[in-house]
Amino acid sequence: MALEIYNSYSRRKEVFEPINPPYVGMYVCGPTVSGESHLGHARPYITFDIVYRYLLHLGYKVRYVRNITDAGHFEEEGREAEDKISKKALLEKLEPMELVQKYTNLFHWAFRKFNTLDPTIEPTATGHIVEQIAMIEDLIAKGYAYEVNGSVYFDVEKYAKGYDYGKLSGRIIEDLLETTRILESQDEKRNKADFALWKAAPPKHIMRWKSPWGDGFPGWHIECSAMATKYLGSYFDIHGGGMDLMFPHHESEIAQSTICNAHPPVKYWMHNNMITINGKKMGKSYNNVITLTELFSGAHPLLVKAFSPMTIRFFILQTHYRSGLDFSNDALLASEKGLRRLFDAYEILKALPFIEGVEASDKELDNRINTQLDELPKYIEDDFNTAKVLAGLFEIVPTINSIKDKVIASDSLSSATINRMKQDFHVFIEEILGLKNEWAVESPFKEVMNLLASIRKDARSKRDFHTSDKIRDELAKVGIEMKDDKDGGVSWNLQ
RNA sequence: GGUGCUGUGGCCGAAUGGCUCAGGCACGGCUCUGCAAAAGCCGGGAUACCGGUUCGAAUCCGGUCAGCACCUCCA
């Protein structure tokens with residue numbers, strides 16, 4: 001059994017073999033912090049959190065680099081080059097760095113709630129201007145970039161003569177170059193397919209840096225190449241991002257790094273699919289964005305209620321990362337209930353008493369559970385099929401509940417199997433899938449609730465239903481549910 | 001227009017040639033129960049359409065229809 005990753009570059013699954021075991025270098029394109037993160041952004045960072053977590057689980061020493069894009073990009077062709085961030089800053093009357101800080105903080109806040117692990121390095125574009133300039137100088141020196149009016153462009157046509165520009169994204173270079181002649185006239189670029197490495201800043205542009213070509217700011221693609229090279233070297237294991245970044249962003253990264261480092265930069269390219277809403281990709285240009293703060297609070301016309309970070313994480317993990325995923329209230333509602341069911345069973349499992357030396361009285365069931373547990377690693381190793389992992393866990397849930405309800409004898413399963421279930425559930429639910437119980441409660445609230453449960457239990461045994469129902473009904477009003485268990489006990493949980 | 005992807009039950013979604021097509025949610029029946037909730041058991045019902053390859057296809061091939069993504073900032 002070995003981890004297999006779907007490599008977007010070769011378009012097939014490949015066995016994962018690190019370049020320099022036990023080290024693994026992984027670069028993931030991070031957020032542009034010119035605005036608030038939305039539901040769509042949750043997908044890549046949760047997807048690659050799973051990748052990171054699983055690699056750690058396998059014992060690799062992973063350097064996980066995820067950038068913050070805090071310098072602006074360009075607007076569309078034909079318009080004056082403009083820094084998105086400075087434009088918004090004028091509107092909000094904030095310093096550019098103040099704005100960037102605000103959204104960076106918000107991003108961190110949201111993804112802590114999603115329980116994603118922090119990257120080991122989170123470099124900013126503005127903090128690596130020097131490295132980017134150095135890389136551009138190198139590209140010019142090697143003859144693959146040219147300067148025009150203080151801006152520098154990458155010469156795609158020249159690159160394409162010796163290398164396969166377009167392989168990653170399935171582009172045909174002739175098509176890219178052909179459209180050139182039509183639109184070229186007043187453009188600085190030699191070919192439309194060329195992309196900017198450095199842009200001269202117009203006088204009003206707030207974010208600007210000195211460079212050999214005058215004041216300006218870096219192009220978008222160069223930041224990732226420069227930072228990935230700096231922290232992961234000229235050839236590293238995994239590069240991830242949304243599939244909308246394949247072209248031109250990742251294609252251009254490959255071109256830049258290949259020339260500078262004399263080697264293609266990445267062994268395994270991974271791309272997650274999009275989250276859609278009513279079938280359309282969520283994005284600013286579509287005007288269908290639900291931000292994460294709106295999602296968590298329910299404050300959006302499209303939302304019937306607030307959805308918790310774990311519900312969204314679970315929702316995303318129920319689908320394979322390369323499949324499309326469509327948002328709907330019904331789907332989120334279903335995820336919310338499913339997640340609850342999984343955690344209820346997990347809590348029951350954790351609370352099962354461990355008795356040493358029990359032989360399984362139901363060998364068939366015992367074998368079946370072990371077989372099901374054996375499947376879990378196979379699922380995750382199959383290109384991170386979290387949907388199958390969750391399905392596999394759910395298949396064991398009825399057995400756990402049945403043991404609790406004494407529908408199945410407590411000695412049906414051997415001590416070893418019970419132990420293994422506890423261990424595997426912990427590893428898969430918490431360590432690998434990164435799910436956590438949002439309903440967990442702390443002392444002394446927990447003790448108070450246990451006391452109330454005990455009072456209800458006593459009242460019921462005396463058939464004092466007035467008291468017992470009063471406790472249950474009043475608690476229900478404040479969102480706490482009390483349930484009578486089969487064994488005569490009373491349990492409770494937060495709604 | 002170019003390139004690529006997708007179309008699975010009421011909803012969300014696994015599974016790419018072969019035991020009955022996972023799992024979650026919803027729904028129906030039953031059990032348990034002071035009532036309730038939960039839980040357990042059982043159940044129905046899907047591979048867009050047409051044709052082909054094959055002993056056998058959701059899965060491979062061709063066509064039709066529908067939808068999406070990228071080609072411009074985009075997770």
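Both backbone and side-chain heavy atoms feed into the values below; hydrogens, waters and symmetry mates do not.
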NA contact type, [X], heavy-atom cut-off 4.0 Å: base, sugar-phosphate, or nothing?
X	answer
A:M482	base
A:E336	nothing
A:Y286	sugar-phosphate
A:F247	sugar-phosphate

Look at the side chain of [X] against the base of [N] and say whether a donor-acceptor pair falls under 3.5 Å; ignore hydrogens and angles.
X	N	value
A:R472	B:rA36	yes
A:D484	B:rA38	no
A:R456	B:rG34	yes
A:R340	B:rC25	no
A:D326	B:rG13	no

Select one nucleotide: of B:rG40, B:rA14, B:rA75, the one nearest the side-chain heavy atoms of A:H41.
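In terms of side-chain proximity for A:H41, the closest of B:rG40, B:rA14, B:rA75 is B:rA75.
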Nearest to the side chain of A:N272 - B:rC35, B:rG24, B:rA75?
B:rA75
Heavy-atom count around A:K305 NZ within 6.0 Å, excluding the residue itself: above 12?
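Atom NZ in A:K305 is packed in, count exceeds 12.
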A:K350 atom NZ, neighbour heavy-atom count above 12 within 6.0 Å
yes
So, OP1 or OP2 of [N]: does either fall under 4.0 Å of a side-chain N or O from [X]?
X	N	result
A:S402	B:rC41	no
A:N401	B:rC41	no
A:K337	B:rA26	yes
A:S37	B:rA75	no
A:R341	B:rG40	yes

Just how far, in rounded Å, is [atom2] of [N] from [atom1] of [X]?
X	N	atom1	atom2	result
A:L39	B:rA75	CG	C1'	11 Å
A:I173	B:rC71	CD1	C1'	13 Å
A:F465	B:rU33	CZ	C1'	10 Å
A:L176	B:rG4	CG	P	13 Å

Would you measure the distance from the [atom1] atom in [N] across to the matching atom in [M] and give it in whole Å?
N	M	atom1	value
B:rA57	B:rC73	P	47 Å
B:rG29	B:rG44	P	15 Å
B:rA58	B:rU8	P	15 Å
B:rU59	B:rG17	C1'	7 Å
B:rC55	B:rG45	P	31 Å
B:rA75	B:rG56	C1'	42 Å
B:rG7	B:rA48	P	8 Å

How are the rings of A:F107 and A:F111 set relative to one another: parallel (under 30°), tilted (30 to 60°) or perpendicular (over 60°)?
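Taking A:F111 first and then A:F107, their aromatic rings sit tilted (interplane angle of 30° to 60°).
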On the 0 to 90° scale, with breaks at 30° and 60°, tag the A:F236-A:Y27 ring pair as parallel, tilted or perpendicular.
tilted
Holding to salt bridge (charged side-chain N to carboxylate O under 4.0 Å, His left out), I want the full list of residues that pass it with A:K457, two or more places apart in sequence or in another chain.
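A:K457 satisfies salt bridge (charged side-chain N to carboxylate O under 4.0 Å, His left out) with no other residue.
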By a 5.5 angstrom centroid cut-off and a 30 degree plane limit, is there stacking between A:F394 and B:rG24?
no
Side chain proximity check, A:H239 to A:P265, heavy atoms < 4.5 angstrom
no
